[in-house]
Amino acid sequence: MSIYDTLNPQQKEAVLHTEGPVLILAGAGSGKTRVLTHRIAYLIEEKGVNPWNIMAITFTNKAAGEMRERVDKIVGFGSESIWVSTFHSSCVRILRRYIDRLGFDHNFTIYDTDDQKSLMKDICKRLQIDTKVHKERAILSAISSAKDELVTPEEYELNNMSDFSKKKIAQAYKEYQKELRKNNALDFDDLIVKTVELFQACPDVLDYYQERFRYIMVDEYQDTNTAQFKFVSLLASKYKNLCVVGDDDQSIYKFRGANIGNILGFEKVFSDAKVIKLEQNYRSTQNILNSANEVIHNNIGRKEKSLWTDNEEGSLVHYRQFMNAYEEAEFIAGDISRKVREADCQYKDCAILYRTNAQSRLFEEKFLMANIPYKLVGGVNFYARKEIKDLLAYLKTVDNARDDLAVRRIINVPKRGIGATTLAKVQDYASEHDMSFYDALKEAENIPTLGRAAAKIEPFVTFVQSLRSKTEYFSPSELLNDIIEETGYVMELKAEGTEEADARIENIDELITKIVSYEEENEDPTLSGFLEEVALIADIDTVDGDGNQVLLMTLHSAKGLEFPYVYLAGMEDGIFPSYMTITADDPAELEEERRLCYVGITRAMKDLTLTCAQQRMIRGETQYNKPSRFIREIPRELVDLGRDFKEQKIKEIPLPNTMKQMKQAFKQPAFIPKQFEVKKSAGLSYNVGDTVKHIKFGVGVVKNIVEGGRDYEVTVDFDKSGTKKMFASFAKLKKVE
DNA sequence: GCTCGTCTTTTTTTT
DNA sequence: AAAGACGAGC
C-alpha cells in the first residue's frame with residue numbers, strides 16, 4: 001500500500017494527473033494542501049521529476065511555510081530545491097537577479113503603503129493636484145488597480161483621455177513610476193508587474209525560468225489577479241504543466257484585483273484542461289457544512305458544486321444576540337473560559353473572526369480582564385510602527401543610497417534641527433543637478449541657500465557614511481545595535497518613561513530578535529535580504545500553533561485556517577455585510593460578502609457560534625443594526641437560538657436620537673416564523689400603495705410588486721426620481737408611516 | 001524650527 | 001474613539 005491509497009478517488013486523480021493543465025476545484029476543507037503535497041511527492045518519486053523543476057506558489061508566507069514543511073516530510077531528500085513561495089517573494093527573487101535588464105539596481109527597495117502615500121503626497125504637491133479632490137489613497141488605489149490589470153501609465157492615459165479627473169490620475173501615475181525608478185524602488189504591485197515586463201522584454205530570461213519550472217502549482221487560485229495570471233501563464237506556456245487549485249466560493253479579494261474570471265475561465269484559456277472537483281469535506285460537522293452550503297447557495301455567479309461530509313452531525317450552530325458589543329465580547333470571553341474549563345478544549349482551539357480590525361479592541365479588553373491568553377492578528381502591522389519604520393529607514397539608507405524616502409524620514413530623527421525649509425532647499429539642489437537627495441546632502445556646503453543649516457547636515461552625513469563603511473565587517477544586527485546606540489533612540493524613549501514609550505522599546509527589542517534570528521536562519525545573511533523579508537511579511541505569517549492562545553483576526557486573515565471552535569462576531573447588517581456593500585448598486589459586492597461569510601463558517605470544525613449586538617459604537621457614533629441577513633440564510637432547524645431567546649428583554653432604552661433605526665434593530669428577528677418559507681427572503685414589510693423610502697431616491701409610492709424566483713421586483717414611483725423598478729433585497733425600501 | 005492644541009477624517013477587507 | 005493634519009505661538 002502506497003501513500004497515495006489514503007486519498008479519495010478525486011484526490012487521487014488530481015495527484016496522478018501530472019501532465020498538462022489541471023484545474024482542481026477544491027471546496028473548503030476538502031484536503032487540497034494534502035493533494036498538492038502528495039502531487040509533488042508523486043512527481044518526484046514516481047515520475048522521476050527533478051525537484052529543481054517544481055514550483056509551488058501560495059499567497060501568504062504562512063501557507064508557503066506550511067506547505068514547505070509538509071513537502072519536506074513527505075518527500076525527504078531533494079525537497080529543499082523545490083521552489084515553495086509566494087507570488088511576491090518569487091518575483092523578488094527573480095528580480096534581484098535580473099532587474100538590471102529593466103534599468104534598476106539589484107538592491108532595489110520595496111515600498112510599503114506608507115512609503116507610497118508619502119511619495120504620492122509629494123507628487124500631488126508638485127503636480128498641483130488638490131488632495132481634497134483627489135485623495136492620495138484614491139489615486140494610489142487607482143494606480144494599484146491599473147497595475148493589477150497590467151495597464152501601464154501610458155495605456156492608462158490613452159484609455160482615459162476624455163475623463164478629466166482620470167487624466168490627472170494618469171499624470172500622477174506616470175510621475176509616481178518615474179519617482180520609484182529614481183529611488184530605485186518598487187511597490188508591491190510592481191514586484192509582479194516588473195517580473196512580467198522582464199519576461200516579455202527578455203526571452204532568454206523567460207526561457208531560463210520556463211526550463212527551470214516545468215511543473216507549476218498555484219494554491220488559492222481564485223485570488224489571483226490579471227498580473228499574477230500572466231506571470232504564471234508565461235512561465236507555464238512552454239511545458240503547460242500548470243496545476244491550479246482554488247474555490248470560486250472562497251474568492252474574497254476582488255477589491256485587491258483578484259479576477260474571478262481566472263478560475264471561471266480557466267478551461268477556456270487552457271482548452272485541454274482537466275477539471276477535477278473535490279467535494280468531500282473532511283473538516284466540519286454536517287450542521288456546520290450544511291449551514292455554509294445554504295448561505296452560499298444564495299449566490300448566483302458561481303460554479304455549482306455540493307460539498308458533503310461523512311463527519312457526524314455535530315451540535316447546532318449557536319446564535320446569540322446581545323444588547324451591545326460589550327455584552328457580546330463578555331459572552332464570548334465567558335463562553336471560551338467555560339469551554340476550556342469544562343470541555344475538552346484549549347485556548348488555541350478557539351478563534352474569533354470579525355469583519356473589521358476595529359472590532360478586536362473590545363475582545364482584547366475582555367480577554368485581559370478574564371485572563372484569557374490571546375493573539376491578535378492584523379491591525380497595525382508590526383513593521384508599520386513608527387519606531388520600527390524609523391530604524392528600518394536607517395538600514396534602508398545604508399543599503400540603498402538612492403532611497404530618498406528613507407533618508408528624508410530619518411534625517412531629523414533624532415532631532416538635528418533640520419526642518420522643512422532646509423529639506424526643500426536640498427531637494428531643489430538635488431533636482432537641479434539631477435542627483436539623489438542623499439548625494440545632495442553630501443554636498444551640503446556647496447548649496448549656497450542653506451547657510452548655517454549646512455553645518456547641521458554634516459554630522460548626519462558623516463554618521464551614515466561611517467555606517468556604510470561598517471557593512472563590510474558588521475552583521476545587520478550589529479549595524480542595528482550601532483544605530484540604536486549612536487542615535488540614542490532607545491535612550492530617549494527610556495527618558496520619556498510613559499507606557500507608550502515602554503511599548504515602543506519592547507517593539508524595538510522584538511526587531512532585534514527578528515534580525516538575529518534572520519541571521520541564524522540564513523547561510524548568507526545580508527542587509528538587503530533582511531529588509532526584503534521584512535517588506536514581504538504579513539501579519540498572519542507570524543502565527544504559529546505553538547502558543548496556547550485564542551486567535552483574534554479578520555475573516556480575510558482566517559482564510560486557509562481551521563479551528564475546532566469558531567466565533568463569528570458582529571453578525572449585523574451594516575457591519576457584515578458592510579454598509580458599503582448593502583448600499584452599493586452592484587449586487588456582486590454583496591455576493592463577495594456572502595463568500596466571506598462562507599469562508600468564515602467553513603473555518604469551524606466542530607462548533608460555530610454567531611453573535612451580534614443591537615447597539616454598537618462605530619467611529620464614535622452609536623449604531624443600531626439588524627442581525628445580519630446571512631444569519632437568516634441559515635435554515636432555522638440548524639440553529640440553536642439560546643434558551644432565553646423568547647424572553648429577550650428590552651432593557652432601558654437609550655436616548656432616542658435615531659429612534660427609527662433603533663426600533664428596527666430591536667424588533668428584527670433573525671429568523672422569520674415557520675409559516676414563511678425560509679428560502680423566499682423575508683417577505684416584504686410594505687404593500688402596493690404604501691409610501692416607502694429609498695436610501696438614494698428618497699420617498700415614493702409602491703406601484704407594483706412582482707414575485708420573482710428568489711426575490712421580489714418592486715416598482716416604485718419616487719417623488720423626485722420618477723418610477724424605478726428594483727429588487728426588494730437590494731433596494732432596502734423602508735415603509736414610511 | 002519646534003510644540004502644542006484644535007480640527008478633520010476614517011475604504012472593511014491586504015500581499 | 002482615535003489618529004493624523006494643520007496652524008498658532010514660542
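Every chain is numbered from 1 and lettered A, B, ... according to where its sequence line falls, protein lines coming before strand lines.
- Across all strands, Asp189(A) comes closer than 4.0 Å to no nucleic acid atom at all (heavy-atom distances).
- The residue Ser578(A) sits close to a base: some heavy atom pair falls under 4.0 Å.
- Going from atom CD of Glu591(A) over to atom P of dT13(B) covers 22 Å, rounded to whole Å.
- Whole-Å rounding puts the His134(A) NE2 to dT11(B) P distance at 19 Å.
- Side-chain proximity of Lys415(A) to dT15(B), dT13(B), dC2(B): nearest is dC2(B).
- For Phe363(A) and Tyr374(A), the distance between ring centers is not under 6.0 angstrom.
- Closest to the side chain of Thr581(A), out of dT12(B), dT15(B), dT10(B), is dT12(B).
- In this structure, the separation between CG on Leu405(A) and NZ on Lys117(A) is 13.0 Å, given to the nearest 0.5 Å.
- When the nucleotides dT15(B), dT3(B), dT12(B) are ranked by their closest atom to the side chain of Phe188(A), dT15(B) comes out on top.
- Atoms CZ (Arg452(A)) and C1' (dG1(B)) sit 11 Å apart, rounded to a whole Å.
- In this structure, the CZ atom of Arg594(A) is 17 Å from the C1' atom of dT13(B), given to the nearest Å.
- In this structure, CD of Glu136(A) is placed 13 Å from P of dT11(B), rounded to the nearest angstrom.
- For the pair Glu492(A) and Lys415(A), the salt-bridge criterion is not met [side-chain N within less than 4.0 Å of a carboxylate O].
- Relative to the side chain of Met580(A), the nucleotides dT15(B), dT10(B), dT11(B) differ in distance, and dT11(B) lies closest.
- The aromatic ring centroids of His556(A) and Phe255(A) lie less than 6.0 Å from each other.
- When distances are taken from the side chain of Asn412(A) to each of dT12(B), dC2(B), dT14(B), the shortest belongs to dC2(B).
- Across all strands, Ala358(A) comes closer than 4.0 Å to no nucleic acid atom at all (heavy-atom distances).
- Ion pairing between a basic and an acidic side chain is recognised when a charged N comes within 4.0 Å of a carboxylate O; Glu330(A) and Lys366(A) show such pairing.
- The 5' end of DNA chain B is approached more closely, in terms of each residue's nearest nucleotide, by Ile418(A) than by the other of Phe59(A) and Ile418(A).
- Out of dT3(B), dT12(B), dT15(B), the shortest distance to the side chain of Thr60(A) is found at dT15(B).
- When the side-chain nitrogen and oxygen atoms of Thr554(A) are compared with OP1 and OP2 of dT14(B), one or more of them lie within a distance under 4.0 Å.
- Backbone-only engagement by Lys135(A) is indicated by non-hydrogen atom pairs under 4.0 Å involving sugar-phosphate atoms exclusively.
- Rounding to whole angstrom units, CZ of residue Phe576(A) and C1' of dT11(B) are separated by 16 Å.
- The cationic group of Arg594(A) does not satisfy the cation-pi geometry with Phe630(A), failing either the under 6.0 Å distance to the six-membered ring centre or the 45° limit from the ring axis.
- Between the CD atom of Gln359(A) and the C1' atom of dT12(B) there is a distance of 9 Å, given to the nearest Å.
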Polar atom pairs (N or O), protein with nucleotides 1-10 of chain C, under 3.5 Å:
none

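- A search for side-chain contact (heavy atoms from CB on, under 4.5 Å) contacts involving Arg302(A) returns Asp248(A), Asp249(A), Ile296(A), His297(A), Asn299(A), Glu304(A), Lys305(A), not counting sequence neighbours.
- When ring centroids are compared, Phe231(A) and Phe229(A) stay outside the 6.0 Å threshold.
- Spacing between atom CD of Glu621(A) and atom C1' of dT9(B) amounts to 13 Å, rounded to whole angstrom units.
- A heavy atom lying under 4.0 Å from DNA chain B marks the following residues of residues 249-259 of chain A, by number: Tyr253(A), Phe255(A), Arg256(A).
- Projected onto DNA chain B by closest heavy-atom contact, Ser557(A) and Ala420(A) fall at different nucleotides, the more 5' of which corresponds to Ala420(A).
- Considering only heavy atoms from C-beta on, Tyr176(A) comes within 4.5 Å of Asp187(A) through its side chain.
- In this model, a donor atom of one side chain and an acceptor atom of the other lie less than 3.5 Å apart for Thr356(A) and Gln359(A).
- Of the N and O atoms on the side chains of Thr554(A) and Ser557(A), at least one donor lies less than 3.5 Å from an acceptor on the other residue.
- Nucleic acid contact class of Ser141(A) (heavy atoms, under 4.0 Å, all strands): base.
- Among the nucleotides dT14(B), dG1(B), dT15(B), the one closest to any side-chain atom of His556(A) is dT14(B).
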